[in-house]
Protein chains: 2
Amino acid sequence: MESDTICMGELIRSRKSLKRGQTLYREGEPFRSLYAVRSGFFKSNLQLEDGREQVTGFHMTGELIGMDGIDSGAYTSSATSLEDSEVCEVSYGHFVNLSEDVHCLLPRFHRLMSREILRVHGMMLLLGSMMAEERLAVFLLDLSQRYRINGYSASEFILRMSRDEISSYLGLRLETVSRAFSKLQSDGLIDVHHRQIRIRDISRLKRHHRSG
Amino acid sequence: MESDTICMGELIRSRKSLKRGQTLYREGEPFRSLYAVRSGFFKSNLQLEDGREQVTGFHMTGELIGMDGIDSGAYTSSATSLEDSEVCEVSYGHFVNLSEDVHCLLPRFHRLMSREILRVHGMMLLLGSMMAEERLAVFLLDLSQRYRINGYSASEFILRMSRDEISSYLGLRLETVSRAFSKLQSDGLIDVHHRQIRIRDISRLKRHHRSG
DNA sequence: CGGCGTTTTGATTTTATTCAAGCGGCGTGG
DNA sequence: CCACGCCGCTTGAATAAAATCAAAACGCCG
């Protein structure tokens, strides 16, 4: 095997650009690579035979996707870009080989997988025990925090996904999501104009998600 | 570091027995170990400040739990035995060291983490887009399959968990779960007597979960 | 300006929750 | 051994929440 730096180079070299709406990988395709989002925005979703769809996640810069393919060797979800995006393709085989030599990789990878488990456990809590408005409030707060982490405004941002995609992710119907947006606005917690969101009162929005 | 065999010995030596109702680890405790279930039955659950609880999983022989602690270094869920159980404690530190030498460990571990991600994505689908009876049908089919894998009957088994724990897991109320059990029974799909379950018509139960 | 896709809003129905009561097995103590 | 009370579960009736069906508003693009 070659030197670390070359391998490291290989690892991060293969970039891909995707136009809005393009699919990065599809449910059932053989799993070869993980993808680190460099810029842009993605959704992951599952399909049920009868046509029902479940959006399982939204992913932005700095996040790693494709880990669901490791178990069976085929992706179990599809990933689609919601705006022009760039990813870094990481060959899983290369990664495993490389991590034998480069010590710091493995713990980081494990933490990323663990974090995905946490996230989805949190989604179970949301889907299992929160009401519509609370779900939306938690969703907006989560987005807000992730934008902040990436250096964007935490209080003002543009939704990259449609109401329909939000509704699937939150286990609601499109109309219910729309009503919840309207309610949060009329309560003075947020401003909504189409996909433009402004959080007016973040602490009250957080409290919303306790007291219903 | 000592020889592989000694480490391997260490890795699997530390067994723990738990009586029914005992807690293996609690949300917030520092993360040190993963646990492989050797026998018995566990539940994992999250707590919300306001008292709401979400059961995030049920775990039986052969399954690995505790992976949610890797990211932050503290467990983010609690694990409780639902019957007298035995686990094998696996020090995460030891495991990582050992996996540098013993090649086969890492892929297996990654697959187990990946599998947990799959499982919970599936739960998102269930919680996000299925109705009460369908959720219960899917739950029973999943249990059935896991019992089969472990060499038990797939068509007759005893539930280790209460109606309340099932309802939390399925994002429903206890009463709704009870009604769903009764409905599946009156439809001739299953027999229920308290916690004793018999699946009468597995293929129809599977279809139930398509057509509602 | 007109048409299209997306979103919002309204009225109604369906589904699950809530509240309340009853059942039934099980263990305890008389 | 039986009666009692408790706990977990089931069932019923009323209520609340979200889904569904339907229509109107809005922004976008040609």
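Just so we're on the same page: letters track the sequence lines, and every chain starts at 1.
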Query raised in the report: Rounded to whole angstrom units, what separation is found between the CD atom of B/Gln196 and the P atom of C/dC26?
Result: 12 Å

Report task. Tell me what B/Thr176 touches on the nucleic acid: a base, only sugar-phosphate, or nothing, going by heavy atoms under 4.0 Å. Result -> base

Report task. Indicate, with a heavy-atom threshold strictly under 4.0 Å, whether B/Ser162 touches base, sugar-phosphate, or nothing. Result -> sugar-phosphate

**Report entry** Length of the line joining B/His193:NE2 and D/dT10:P, which is rounded to integer Å
**Finding:** 11 Å

Query raised in the report: What nucleotide among C/dT7, D/dA17, C/dA16 has an atom nearest to a side-chain atom of A/Met131?
Result: D/dA17

**Report entry** B/Asp71/A/Arg111 ion pair, N-O < 4.0 Å
**Finding:** yes

Query raised in the report: Hey, is the side chain of B/Arg179 pairing donor to acceptor with the base of C/dT18 inside 3.5 Å?
Result: yes

Requested in this report: Round to the nearest Å and state the distance from A/Leu184 atom CG to C/dT8 atom P.
Outcome: 12 Å

Query raised in the report: Contact class for B/Leu174 vs. all strands (heavy atom < 4.0 Å): base, sugar-phosphate, or nothing?
Result: base

Requested in this report: Evaluate the ring planes of A/Phe31 and A/Tyr92, with Trp represented by its six-membered ring, and classify them as parallel (under 30°), tilted (30 to 60°) or perpendicular (over 60°).
Outcome: tilted

Report task. Measure centre to centre between the rings of A/Tyr169 and A/Phe58, then say whether the value is under 6.0 Å. Result -> yes

Query raised in the report: Which whole-number value in Å describes the distance from A/Leu159 CG to C/dT6 C1'?
Result: 14 Å

Requested in this report: Given ring pair (Phe, Tyr, Trp, His ring centres under 6.0 Å), test A/Phe109 with B/His110 step by step and report yes or no.
Outcome: CA-CA 10 Å; A/Phe109 177 55; B/His110 290 175; 4.9 Å; yes

Report summary line: Between CG of A/Leu170 and C1' of D/dA17 the distance, given in whole Å, is 16 Å

Query - Spacing of B/Leu172 atom CG relative to D/dA18 atom P, expressed in whole Å - result: 14 Å

Query raised in the report: Quick one: which of C/dT17, D/dT10, D/dT20 gets closest to the side chain of B/Arg173?
Result: C/dT17

Query raised in the report: When you match A/Glu175 and A/Arg135 each to their closest nucleotide on DNA chain D, which lands nearer the 5' end?
Result: A/Arg135

**Report entry** From D/dT20, C/dT8, D/dT10, nucleotide with atom closest to A/Ser182 side chain
**Finding:** C/dT8

Query raised in the report: Can you check the A/Phe181 CZ to C/dT9 P distance for me, whole Å?
Result: 12 Å

Query raised in the report: Got more than 12 heavy atoms from elsewhere within 6.0 Å of CZ, B/Arg146?
Result: yes

Query raised in the report: Contact class for B/Arg195 vs. all strands (heavy atom < 4.0 Å): base, sugar-phosphate, or nothing?
Result: sugar-phosphate

Requested in this report: Return the value, rounded to whole Å, for the distance between atom CD1 of A/Ile166 and atom P of C/dT7.
Outcome: 8 Å

